Amino acid sequence: VQLQASGGGLVQTGDSLRLSCAASGRAFSTYNMGWLRQAPGKEREFVAAISRGNTTFYVDSVKGRFTVSRDNAKNTVALQMNNLKPEDTAVYYCAASTTQYVVRNRWGYEYWGQGTQVTVSS
């Protein structure tokens with residue numbers, strides 16, 4: 001599967017952004033889909049995921065602010081980010097996994113999009 005992320009940008013604290021990831025290839029519905037991010041000088045970290053069964057998972061720091069969703073008919077996964085904070089600044093990647101269960105780290109994902117920059121100014 002090939003992934004293309006979009007929707008990043010420069011926003012102010014408290015603003016919202018919606019990231020989208022378009023997948024090409026067959027069997028999109030069979031993948032667990034994740035969003036991970038990498039800030040300068042830091043390791044790539046798990047942000048959110050949605051399983052093939054539509055169960056969602058979030059890192060504690062974004063719970064209540066971010067919402068992950070998928071549309072299998074359109075082969076897309078989205079990340080709605082509300083009440084953004086400067087610490088959310090990072091390159092955001094969408095990723096696909098064939099693991100049986102959702103993995104909440106970068107090692108569980110086999111396919112990656114190119115990343116989209118999100119910058120939140122204070």
Side-chain angles (χ1 to χ4, degrees):
V1 62
Q2 292 184 319
L3 304 172
Q4 180 78 29
S6 61
L10 172 63
V11 297
Q12 295 184 331
T13 298
D15 285 350
S16 298
L17 274 177
R18 184 177 179 85
L19 305 183
S20 184
C21 178
S24 61
R26 295 179 293 179
F28 172 78
S29 63
T30 67
Y31 293 97
N32 294 321
M33 298 299 298
W35 287 96
L36 298 92
R37 66 187 179 188
Q38 188 165 17
K42 295 189 176 181
E43 301 231 334
R44 193 168 299 186
E45 65 171 358
F46 172 83
V47 177
I50 184 164
S51 72
R52 56 180 67 85
N54 281 324
T55 301
T56 57
F57 304 82
Y58 301 94
V59 68
D60 285 348
S61 61
V62 307
K63 284 181 180 177
R65 300 189 297 122
F66 290 12
T67 303
V68 61
S69 60
R70 67 190 297 163
D71 185 336
N72 289 337
K74 296 182 178 179
N75 283 9
T76 59
V77 60
L79 185 67
Q80 177 67 41
M81 306 186 294
N82 298 329
N83 191 22
L84 282 160
K85 303 177 180 181
E87 51 264 42
D88 295 318
T89 295
V91 177
Y92 283 70
Y93 298 88
C94 65
S97 169
T98 60
T99 56
Q100 181 177 4
Y101 301 105
V102 168
V103 178
R104 306 188 203 199
N105 61 65
R106 61 180 173 167
W107 307 113
Y109 295 88
E110 299 103 303
Y111 306 98
W112 293 84
Q114 85 287 3
T116 185
Q117 176 71 47
V118 172
T119 304
V120 185
S121 64
S122 56

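None of the values given here were measured: they were computed from a predicted structure.
Across Ala49 and Val68, no two heavy atoms sit closer than the pair O-CG1, 3.4 Å. Taking both residues in full, the closest heavy atoms of Gly8 and Leu19 are given as N-CD2, 3.6 Å, listed atom of the first, atom of the second, then distance. Taking every heavy atom of both residues into account, Arg37 and Ala90 meet most closely at CB-CB, 3.8 Å. For the pair Val77 and Trp35, the tightest heavy-atom approach, listed with the atom from each and the gap, is O-CZ2, 3.7 Å. Nearest approach of Leu17 to Gly7, heavy atoms of both residues: CD2-O, 3.7 Å.
The side-chain contact (heavy atoms from CB on, under 4.5 Å) search around Val103 returns Thr99, Asn105, not counting sequence neighbours. Qualifying salt bridge (charged side-chain N to carboxylate O under 4.0 Å, His left out) partners for Lys42, counting only residues two or more places apart in sequence or in other chains: none. Every residue was checked against the side-chain hydrogen bond (donor to acceptor under 3.5 Å, both in side chains) condition with Tyr109, not counting sequence neighbours, and none meets it. Residues satisfying the side-chain contact (heavy atoms from CB on, under 4.5 Å) criterion with Gln117, sequence neighbours excluded, are Thr89, Val91, Thr119. Ser24 is linked by a side-chain contact (heavy atoms from CB on, under 4.5 Å) to Gln2, counting only residues two or more places apart in sequence or in another chain. Scanning for side-chain contact (heavy atoms from CB on, under 4.5 Å) contacts around Gln38 gives Arg44, Tyr93, with sequence neighbours left out.
Each salt bridge (charged side-chain N to carboxylate O under 4.0 Å, His left out) pair with one or both residues in residues 98-117, not counting sequence neighbours, appears once here: Glu43-Arg106. A salt bridge (charged side-chain N to carboxylate O under 4.0 Å, His left out) check over residues 5-17, counting only residues at least two apart or in different chains, returns nothing. Sorted by first then second residue, the side chain to side chain donor-acceptor pair (under 3.5 Å) pairs that include residues 71-82, not counting sequence neighbours, are Ser16-Asn82, Arg18-Gln80, Arg70-Asn72, Gln80-Asn82. Note on residues 55-66: pairs passing side chain to side chain donor-acceptor pair (under 3.5 Å), not counting sequence neighbours, are Asp60-Lys63, Arg65-Asp88. Within the structure, salt bridge (charged side-chain N to carboxylate O under 4.0 Å, His left out) pairs that include any residue of residues 4-14 do not occur (at least two apart or interchain). Sequence neighbours left out, the pairs with a member in residues 11-49 that pass disulfide (SG to SG under 2.5 Å) are Cys21-Cys94.
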With side chain to side chain contact (heavy atoms under 4.5 Å, CB included) as the test, would you mind laying out the steps for Val59 and Phe66 before giving the verdict?
CA-CA 10 Å; Val59 68; Phe66 290 12; over 6 Å; no

Could you walk me through whether Ser122 and Thr13 pass side chain to side chain contact (heavy atoms under 4.5 Å, CB included), step by step?
CA-CA 5 Å; Ser122 56; Thr13 298; 4.2 Å; yes

Show, in sequence, the C-alpha distance, side-chain angles and deciding distance for Val62 and Met81, and conclude whether the side chain to side chain contact (heavy atoms under 4.5 Å, CB included) test is met.
CA-CA 8 Å; Val62 307; Met81 306 186 294; over 6 Å; no

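Counting only distance, with no hydrogens or angles, the side chain of Ser121 and the backbone of Val11 share a donor-acceptor pair below 3.5 Å. Side-chain N or O atoms of Ser97 include none that pairs as donor or acceptor with a backbone N or O of Asn32 at under 3.5 Å.
Residues Thr98 and Tyr31 meet the side-chain proximity criterion, which asks for heavy atoms closer than 4.5 Å.
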